[in-house]
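Note sheet for the following structure.
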Amino acid sequence: MRNARWKAASRAAIALTGAGALVAGMALFLTAPAAAGTTLGASAAEKGRYFGTAVAAYKLSDSAYTTILNREFNSVTPENEMKIDATEPQQGRFSYSAADQIVSHARSRGMSVRGHTLAWHSQQPPWMESMSGSALRQAMLNHVTQVATHFRGQVVAWDVVNEAFADGSSGGRRDSNLQRTGNDWIEAAFRAADAADPNAKLCYNDYNTDNWTHAKTQGVYNMVRDFKARGVPIDCVGFQSHFNNESPYVSNYRTTLSSFAALGVDVQITELDIQGASAATYRSVVEDCLAVARCNGITVWGIRDSDSWRASQTPLLFNSNGSKKPAYDAVLAALNNGTTPTDPPTDPPTDPPTDPPTTPPPGPGGCTATVSVNQWTGGFVATVKVTAGSSAINGWTVTIGLPSGATVTNAWNANRSGSSGTTNWTNVAYNGQVGAGQSTEYGFQANGTAGSLSPTCSAS
Ligand code: 9MR
């Protein structure tokens, strides 16, 4: 039941943007072989994803702003209008007009809405800031219940809790008045949101959780794993992804996204901006999301540089005058799967062959492999999950027969032999050892149609 709304929203986005894409595609068909999308939203929808932006209600009267918004995006996140100070400025008095304005603008144009945010240590109204203990816990739960109920059926996903983990090396929770009500405040918020809107996807959202090696990332990961194990209703994790010189994009970002996804949650990039708007970095971020089947959408934190909370860093996809920046072209090309002729996708360097394992011989358990496919017209990404049997394994080989016409163009987290027909995949240095019953994932991108793939796995 928790999944129905999200999938319906994705389908709606595809249908709504499909008409525009079809017209554009027909025009392109006369001159170019690739029927690629021509806007961020349409191209993302072709990949079963959304492409969104933060929106400020007061800018909806700016036609230069809404022209880009309405043309390019199929998801919106209110930048400030759903926060606690905006929606409950006085205790028990709720105010939804600015948020409703954004929701109505979005939904009347077929865009989905991400709700941001129900429980947060920041942007609390003064009455809440000064509260503590059980009174605060009760007020927080009431806020979650009231706001999630008001937007029930209109918001596909909620950032239920925002930024609850500490920066630095502790990997623990951030101190706040909410945290001091008891460590279970986060799960209590999720349960309240679930009761109020059982169909919305419920996300935990944070920043500086992009680098897989960071303690904060691991802290959030452990919380999500624990929530899933105990049945706390969490559906998704938002990675804000505010990249800058102090907190740059790192190549293990894809590992972060796929590792969280492997816990059984969707992952979303929720507040993307990149200091200087490097086209290559934007492209990498999009490619990383497309490589992870459960990465189902990207939201940039504003439209034009002048709309950014960090305007001086010029971190967005449009200039202040509304024109497309090189980063825009890079994102569109990445969404359209590298159809930019000057910058084709390249194979990542493959790791050197590993020495035969000197560790104990394989146990009797062997391994199994399953594959999930994200197919679009003319290509697909396959995510392969390798699971050890009843004994730990030291290495694995997966064999996948590809249908005729399917050709691998790109792969990660595995060594490959063969790019069409029978393909063989072996572990790289860091993912060969898999504990009994544990799993690891690798992936590849290919041209053509996947059909139904039947991987086989053998362990060493
Ligand atoms: O972009 C938002 C800015 O307009 C507000 O002044 C600021 C106040 O906290 O919040 C900004 O949005 C933040 C988001 O809600 C949570 N992640 C960090 C974002 C940038 O600060």
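As the structure lists them, so they are numbered: ligands from 1, and atoms in each ligand from 1. This one's a predicted model, so the numbers in the text were calculated from it and none came from an experiment.
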Salt-bridged, Arg283 to Asp329, with N to O below 4.0 Å?
-> no

May I ask you to check whether Tyr207 and Phe239 place their ring centers less than 6.0 Å from one another?
-> no

May I ask you to check whether Trp212 and Tyr253 place their ring centres under 6.0 Å from each other?
-> no

Protein N/O near ligand 1 N/O, under 3.5 Å, which pairs?
from	atom 1	to	atom 2	distance (Å)
ligand 1	1 (O)	Glu79	OE2	2.4
ligand 1	1 (O)	Trp301	NE1	2.9
ligand 1	4 (O)	Glu79	OE2	3.3
ligand 1	4 (O)	Asn80	ND2	2.9
ligand 1	9 (O)	Gln123	OE1	2.8
ligand 1	10 (O)	Lys83	NZ	3.0
ligand 1	12 (O)	Lys83	NZ	3.4
ligand 1	12 (O)	Trp301	NE1	3.3
ligand 1	15 (O)	Lys83	NZ	2.7
ligand 1	15 (O)	His116	NE2	2.7
ligand 1	17 (N)	Glu163	OE2	2.8
ligand 1	17 (N)	Gln240	OE1	3.0
ligand 1	17 (N)	Gln240	NE2	3.4
ligand 1	17 (N)	Glu271	OE1	2.7
ligand 1	17 (N)	Glu271	OE2	3.4

Sort out for me which residue in Trp309, Trp301, Tyr282 forms a side-chain hydrogen bond (donor to acceptor under 3.5 Å, both in side chains) with Asp273.
-> Trp309

For Lys216, which of Thr209, Asp210, Asn208, Asp167 qualifies under side-chain hydrogen bond (donor to acceptor under 3.5 Å, both in side chains)?
-> Asp167

Got Tyr328 and Glu72 here, is their nearest side-chain heavy-atom distance under 4.5 Å?
-> yes

